[in-house]
Structures are given as C-alpha cells and as structure tokens.
Amino acid sequence: MHLPVIVSGLLFGLQASAIRLGRPTVSELRKEVQQASARSLAKRADTNPALLYPAYNLSVPVDFFHNETRYEPHSNATFNLRYWIDTSNYKPGGPVFVLLSGETSGVGRLPFLQKGIVAQVTQATGGIGVILEHRYYGTSFPTLDISTENLRFLSTEQSLAEIDYFARHVKFEGIDEDLTAPNTPWIAYGGSYAGAQAAFLRVVYPETFWGTISSSGVTKAIYDYWEYFEPARLFAPPDCVSATQLMVDVVDNILLKKNNTATISTLKKAFGLGGITDNRDFANVLTNGIYGLQSTSWDPEENSPDFFYYCGNMSTTLINKDREPLRPTVTDLLHSAGYDNDTSAENILLNAIGYLGRTSVAAWNESDETQDAYFTILDAEFYAQDDIAQQTWRSWDYQVCTEWGYIQTGNTPANIKPLVSRTLDLEYLTEFCVLAFNITTPPDVEKVNKYGAFDIEYERLAILGGNADPWRPATPLADGARKRNSTTEKPVLEIAHAVHHWEENGVFPNQTTPLIPPPQVVYAQQFLKNFVVDWLKDFKGQDHYEL
C-alpha cells in the first residue's frame with residue numbers, strides 16, 4: 001500500500017529537538033536567521049510556556065580555564081546564563097532536575113516543564129524543574145558577536161564547567177532554601193548533544209551531580225559520520241531503502257564517470273535542476289527525503305510526515321503519471337548508469353523526479369534566485385556574517401568544525417550501497433568550516449572522546465536511546481559499542497522502534513490515547529522515573545522529600 005502523494009514542505013534548518021539534519025543550503029540557513037524570532041511555541045490549546053515560565057539569569061564566568069592556551073586571550077568577564085524553573089511540584093527535600101537545552105535556544109525546551117520528562121520526574125519526586133540554556137545560544141552570549149575569535153570560549157569543557165558552576169551557585173526565586181549542589185541532589189538530563197553533556201557531567205563533576213541521564217547522547221565524536229544513515233538503511237521501509245539506493249547508484253554512476261558532461265546535464269534537467277552547476281550541490285538536493293527519519297515523532301504535533309511522504313513516493317509503480325513523458329530520457333539515463341530493460345527502476349526514478357519537483361523544485365520556483373544561488377552550500381559572503389543573529393547556524397557549526405565532526409557523508413564501505421551520493425564527501429561538506437571560520441584541519445574529536453566515548457560509564461549514569469535513531473551509531477548503544485546490562489545503578493534502555501530521545505516529550509493527561517504516547521515510550525518514561533526515585537533513596541545529604 002502506498003502513502004498518498006501530497007505536496008509537503010521540506011523540513012529545513014536546525015531542529016529544536018535534535019542535532020542539525022545534514023548540510024543545509026545557504027538559502028535554508030538564511031531562512032533560519034530570518035524566521036528565528038517569529039517562531040511560535042503555542043501548540044494545540046497549550047498555554048504558551050514562554051509566558052508561563054519567566055526567564056532568569058545567573059552571572060557566570062566566560063572563561064573557566066585560564067591555564068589553557070586555546071582560550072587566549074583569556075577573559076575575566078562574566079555573562080548572563082539564562083534559565084527557567086518550575087517549582088509547582090516542589091516539596092522541601094526534593095531534588096533539582098535540570099534539563100540541558102543543548103545547541104538551541106532554551107525557549108524551545110520549555111514544553112518539557114509542562115508535560116515532558118521534567119514535569120513527570122518532578123511530580124514523582126517533589127523536585128524543582130530547570131531548563132538551562134547553553135552558552136552561545138538563545139540569549140546566553142559571552143561576547144558581543146560570534147566572530148571566530150569570540151567563539152573560542154565555545155567548547156565542550158567550558159560548557160560543562162558552566163553547568164557545574166550553575167549547580168553550585170544558583171538561588172531559585174521563591175524558594176528560601178539553599179538548593180545548590182552537592183547539598184541537594186541534582187539530576188541532569190539531556191538529549192542528543194545535551195545527552196552527551198549529561199553523561200560527561202557525571203564523569204567530570206561526580207561530586208556535583210548525584211545522577212545524570214543521557215538520552216540519545218552522542219558521547220563519541222566522529223569526523224566522517226557516514227553511519228548516520230545506517231539506522232535508516234536497517235529500519236526504514238525496505239522498499240524505500242532499496243529505491244533510494246537505486247536512485248543514488250544511478251546518480252553516482254553518472255556523476256562519477258569521467259568525460260560525462262552531456263549525460264550529467266541531461267540528468268540534472270530531468271530532475272528540474274539543470275541550473276545547478278556544482279554536481280555536489282545537485283546531489284545534496286536529493287538527500288532531502290531520506291533525512292526526514294530524524295524528524296519523525298510519536299507525537300502528531302511534533303512529527304514531520306515528510307519522511308513517510310517521501311517513502312510513499314519511492315515506489316516501483318509509477319505514481320506521478322505526469323512524469324510519463326520523461327520515460328525515454330530516464331531509460332537512457334539508466335542505460336548510461338548500467339541499468340537496462342528495468343521498468344521498476346524507471347518508475348523509481350520517475351517517481352523521485354516527481355517528488356523532488358513537488359518539494360525542492362517547487363520551493364525554488366517561489367524564490368527569486370538562480371538555482372546555483374538557491375541550492376548551494378558554498379557562499380563565502382553569507383558565511384562571513386558573524387552577528388549574534390547568525391547563532392541559528394554559526395554556533396553549532398563552530399562546534400562541529402572544532403570538536404564534534406559528524407559530517408554525514410556518502411562514504412559507506414564498498415559493500416554497502418549508500419543512501420546519499422558518494423560525491424558528498426568530507427571536502428565538500430566541510431568547506432563551510434573554511435568559509436565561516438578559516439578552519440582547514442579536521443576537528444579535534446579527542447577533546448570530546450576523552451570523556452569516555454562508547455565506553456563511558458559511571459554509577460548513576462543512565463543510557464537511553466531509540467534503536468531506529470540516526471544518531472545511535474554515535475552513542476553507547478551503537479552496534480560497535482560493547483553490550484551493557486541494565487541495573488538500577490547503571491540503567492540502560494534501548495527503546496524499540498523509537499528515534500531521537502523520544503521519551504523526553506510528553507502530552508497532557510487529557511490528550512492521551514491508547515497509542516499516544518506509544519507503549520514503549522510510556523514504559524521508558526516510567527523506567528526513568530523509577531530509577532531516579534531509587535537513586536534519591538541513596539542520597540546521604542539533608543533530609544529529603546519522602547518518596
């Protein structure tokens with residue numbers, strides 16, 4: 001059964017709940033900057049959490065490491081680190097449960113105070129819920145701009161140190177008690193990049209944080225992260241996977257063949273992308289469908305249907321009848337790529353052309369730009385911008401180029417057909433590091449992996465994640481990591497058929513149905529609450545809330 005073909009807007013830009021999806025075009029990045037202030041958080045009939053929870057600030061040091069030469073010239077300044085709290089569930093002796101905002105404005109995490117994992121845990125423990133913003137995101141800026149020089153204080157170790165400082169110095173408005181760590185049990189939670197931070201905190205600052213929870217935590221930095229597409233290859237609908245692999249194989253067999261200019265031109269024109277000069281920019285457009293897996297969610301209000309619409313189009317049966325006149329052209333292209341007399345392959349390519357025509361090409365048609373300008377990821381003038389408004393792309397890109405990597409290439413092993421073009425290599429996908437920051441060397445992933453990578457482990461450090469998560473290969477749940485047994489002190493849970501930190505989100509009680517949240521998410525959330533309650537029983541500090 002095929003899903004209906006509809007015109008669906010592609011998901012562009014930085015997701016509030018996840019690390020960036022692939023390498024966006026400059027047009028997409030520009031749109032992020034323009035729309036950042038206009039995004040609304042009000043969903044369903046919810047009270048807007050930005051109005052419900054006022055923001056607070058704590059003055060924290062800009063530079064925690066005056067002995068490290070990488071931060072020269074050093075700074076003695078401080079800046080305001082933004083945070084939000086919910087004390088509605090607090091009972092004297094309860095813990096502080098802090099959710100790390102990660103690589104985005106903390107405003108996007110506020111719903112978790114209402115109905116997500118923060119609300120659930122604080123209700124179960126009589127705790128205070130906190131959303132803590134990350135330096136160089138939202139309004140938490142140590143510098144007046146984000147030039148390359150001023151980004152030098154944006155590093156993993158500086159971010160961990162500021163979280164530790166926050167836990168040891170904050171005073172919550174309306175609470176006439178000292179709830180700083182380590183006198184009060186602090187539990188840190190994070191998802192994705194913030195999940196890695198949570199794991200690292202338990203190792204680096206074990207005296208401050210009584211426990212931490214790493215959800216889909218990418219604890220291993222990887223430069224060439226071709227494995228990003230492995231969960232899609234293994235868990236996406238098989239016909240969608242094989243069709244995508246065929247499309248990519250056809251495209252690569254044409255693009256990578258020497259002295260093939262005429263056929264390459266025919267290929268681009270067939271996709272409606274004849275105005276793209278750079279073959280790699282063309283190949284990059286074709287990734288927009290398969291990347292959608294990361295944006296799927298069990299919550300209809302958070303879910304992007306684009307991935308399923310894409311897969312519904314990647315059929316061996318012709319769906320888009322209006323593309324039938326292109327069949328002779330497609331037949332010739334398949335012949336050039338080594339495929340002869342294959343009607344199914346023809347239909348796959350025709351359907352792919354139709355899908356891209358209704359999404360990427362349609363979006364370009366609404367612009368006033370050339371295809372080269374609209375679809376390129378290489379624009380020196382754009383990347384030279386370094387005002388604070390560029391944080392929607394520039395802050396995380398700097399972290400990628402200096403420490404984290406995660407360049408999602410098509411460099412799969414020879415025995416695995418890639419889901420994105422092999423022309424999408426490290427050279428092309430890291431050119432933004434040169435244009436934006438003049439960084440010409442690979443990121444120093446050891447600055448991240450020194451904390452434990454796949455093998456990170458500590459008492460009261462929990463590891464959770466979905467088995468269909470594109471980021472699982474960078475977490476302790478990766479196939480290449482050692483297998484772990486779950487205990488109360490070292491909880492481990494791989495959530496079946498789940499994607500990216502699915503247990504973080506929640507719905508109000510009157511919005512639940514037999515399938516929302518799905519059973520495995522309900523289980524994961526209860527599993528998490530249970531071990532947090534057990535952890536708190538062992539806290540040897542002040543008298544705490546009777547659980």
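All values derive from a computational prediction rather than experimental measurement.
- With contacts defined as side-chain heavy-atom distances shorter than 4.5 Å, the pair Asp278/Thr376 does not qualify.
- Between atom CD1 of residue Ile495 and atom CG of residue Leu464 there is a gap of 5.5 Å, rounded to the nearest 0.5 Å.
- Within 6.0 Å of atom CG in Asn510, more than 12 heavy atoms from other residues, nucleotides or ligands are found, so the atom counts as buried in its surroundings.
- Looking only at side-chain heavy atoms (C-beta outward), Tyr137 and Glu103 come within less than 4.5 Å of each other.
- Every residue two or more places apart in sequence or in another chain that forms a side chain to side chain donor-acceptor pair (under 3.5 Å) with Gln120 is listed here: Gln525, Lys529.
- Exactly one of Thr423, Thr409, Asp281 qualifies for a side-chain hydrogen bond (donor to acceptor under 3.5 Å, both in side chains) with Tyr428. That residue is Asp281.
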Requested in this report: Test Tyr291 against Phe307 for ring pair (Phe, Tyr, Trp, His ring centres under 6.0 Å), laying out the working first.
Outcome: CA-CA 7 Å; Tyr291 261 115; Phe307 180 68; over 10 Å; no
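- Annotation: cation-pi geometry not satisfied between Arg482 and Phe454 (NZ/CZ under 6.0 angstrom from ring centroid, within 45° of ring axis).
- A heavy-atom distance below 4.5 Å is found between the side chains of Ile290 and Phe229.
- For Pro470 against Leu293, the heavy-atom pair with the smallest separation is CG-CD2, 4.0 Å.
- For the 3.5 Å distance criterion, the side chains of Trp471 and Gln294 qualify, holding a donor opposite an acceptor.
- Looking only at atom types and distance, the side chain of Asp249 has no donor-acceptor partner in the side chain of Gln245 under 3.5 Å away.
- Taking the six-membered ring where the residue is Trp, the centroids of Trp396 and Tyr193 are separated by under 6.0 Å.
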Requested in this report: Could you go through the salt bridge (charged side-chain N to carboxylate O under 4.0 Å, His left out) check for Glu324 and Arg327 one step at a time?
Outcome: CA-CA 5 Å; Glu324 182 63 40; Arg327 190 175 293 275; 2.7 Å; yes
Report task. Go through Arg233 and Glu230 one step at a time and tell me if the salt bridge (charged side-chain N to carboxylate O under 4.0 Å, His left out) criterion holds. Result -> CA-CA 5 Å; Arg233 186 175 70 86; Glu230 281 295 272; 2.7 Å; yes
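- Considering all non-hydrogen atoms of both residues, Gln197 and Gly102 come closest at OE1-CA, 4.2 Å.
- Distance alone, capped at 3.5 Å, is enough to place a donor-acceptor pair between the Asn284 side chain and the Arg23 backbone.
- Ring to ring, Tyr309 and Tyr355 are not that close: their centroids are 6.0 angstrom or more apart.
- Taking the six-membered ring for Trp and the full ring otherwise, the centers of Trp404 and Tyr225 sit at least 6.0 Å from each other.
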Requested in this report: Could you walk me through whether Asp397 and Arg394 pass the salt bridge (charged side-chain N to carboxylate O under 4.0 Å, His left out) test, one step at a time?
Outcome: CA-CA 5 Å; Asp397 278 358; Arg394 190 171 176 87; over 6 Å; no
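- At distances below 3.5 Å, at least one donor-acceptor pair connects side-chain atoms of Ser214 with backbone N or O atoms of Gly195.
- Rounded to the nearest 0.5 Å, atoms OH (Tyr374) and OG (Ser367) are 6.0 Å apart.
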Query raised in the report: Given the rule in the salt bridge (charged side-chain N to carboxylate O under 4.0 Å, His left out) test, do Arg358 and Asp322 qualify, once you have shown the distances and angles that lead to the verdict?
Result: CA-CA 12 Å; Arg358 287 166 168 79; Asp322 59 329; 3.3 Å; yes
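- Between Ile353 and Leu326 the shortest side-chain heavy-atom distance falls below 4.5 Å.
- In this structure, Glu427 places its CD atom where only 12 or fewer heavy-atom neighbours from other residues, nucleotides or ligands lie under 6.0 Å away.
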Query - Residues Asp340, Leu334; criterion side chain to side chain contact (heavy atoms under 4.5 Å, CB included); working and verdict - result: CA-CA 7 Å; Asp340 286 323; Leu334 285 165; over 6 Å; no
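- Residues His501 and Glu504 meet the side-chain proximity criterion, which asks for heavy atoms closer than 4.5 Å.
- Ile222 contributes atom CD1, which lies 5.0 Å from atom CD of Glu227 (distance to the nearest 0.5 angstrom).
- Across all non-hydrogen atoms, the minimal contact from Val492 to Leu477 is CG1-CD2, 3.8 Å.
- Thr343 OG1 to Glu346 CD: the interatomic distance, rounded to the nearest 0.5 Å, is 5.0 Å.
- Side-chain contact, Asn313 with Asn351: no donor N or O sits under 3.5 Å from an acceptor N or O.
- Residues Ile117 and Leu528 form a side-chain contact, since some pair of their non-hydrogen atoms from C-beta on lies under 4.5 Å apart.
- Taking the centre of each ring, Trp393 and Tyr383 come in below the 6.0 Å mark.
- The aromatic ring centroids of Tyr228 and Tyr406 lie 6.0 Å or more from each other.
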Report task. Start with the C-alpha distance between Val361 and Asn365, add both sets of side-chain angles, then the distance that settles side chain to side chain contact (heavy atoms under 4.5 Å, CB included), and finish with yes or no. Result -> CA-CA 6 Å; Val361 178; Asn365 279 330; 3.9 Å; yes
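- The line from CG of Asn253 to CG of Leu333 is 11.5 Å long, rounded to the nearest 0.5 Å.
- Contact of the Thr475 side chain with the Lys220 side chain is not registered, since no non-hydrogen atoms from C-beta on lie closer than 4.5 Å.
- A distance of 8.5 Å separates CG in Asn279 from OG1 in Thr261, rounded to the nearest 0.5 Å.
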Query raised in the report: Passes side chain to side chain contact (heavy atoms under 4.5 Å, CB included), Asp379 versus Arg30? Steps please.
Result: CA-CA 11 Å; Asp379 184 331; Arg30 189 178 292 115; 3.8 Å; yes
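- Glu403 and Tyr398 share no donor-acceptor pair across their side chains, judged by distance under 3.5 Å alone.
- Inter-residue side-chain proximity for Pro300 and Ile516 is flagged as met; some heavy-atom pair is nearer than 4.5 Å.
- Side chains of Ser360 and Asn288: a donor-acceptor N/O pair is present below 3.5 angstrom, by distance only.
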Query raised in the report: Should Ser216 and Arg472 be marked as a side chain to side chain contact (heavy atoms under 4.5 Å, CB included) after you check the CA-CA gap, both sets of side-chain angles, and the distance that decides it?
Result: CA-CA 7 Å; Ser216 298; Arg472 181 171 60 85; over 6 Å; no
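- When atom types are taken as modelled, the side chain of Asp252 and the backbone of Arg422 share a donor-acceptor pair closer than 3.5 angstrom.
- A 6.0 Å sphere centred on CG of Asn341 holds no more than 12 heavy atoms belonging to other residues, nucleotides or ligands.
- Of the N and O atoms on the side chains of Asn260 and Thr263, at least one donor lies less than 3.5 Å from an acceptor on the other residue.
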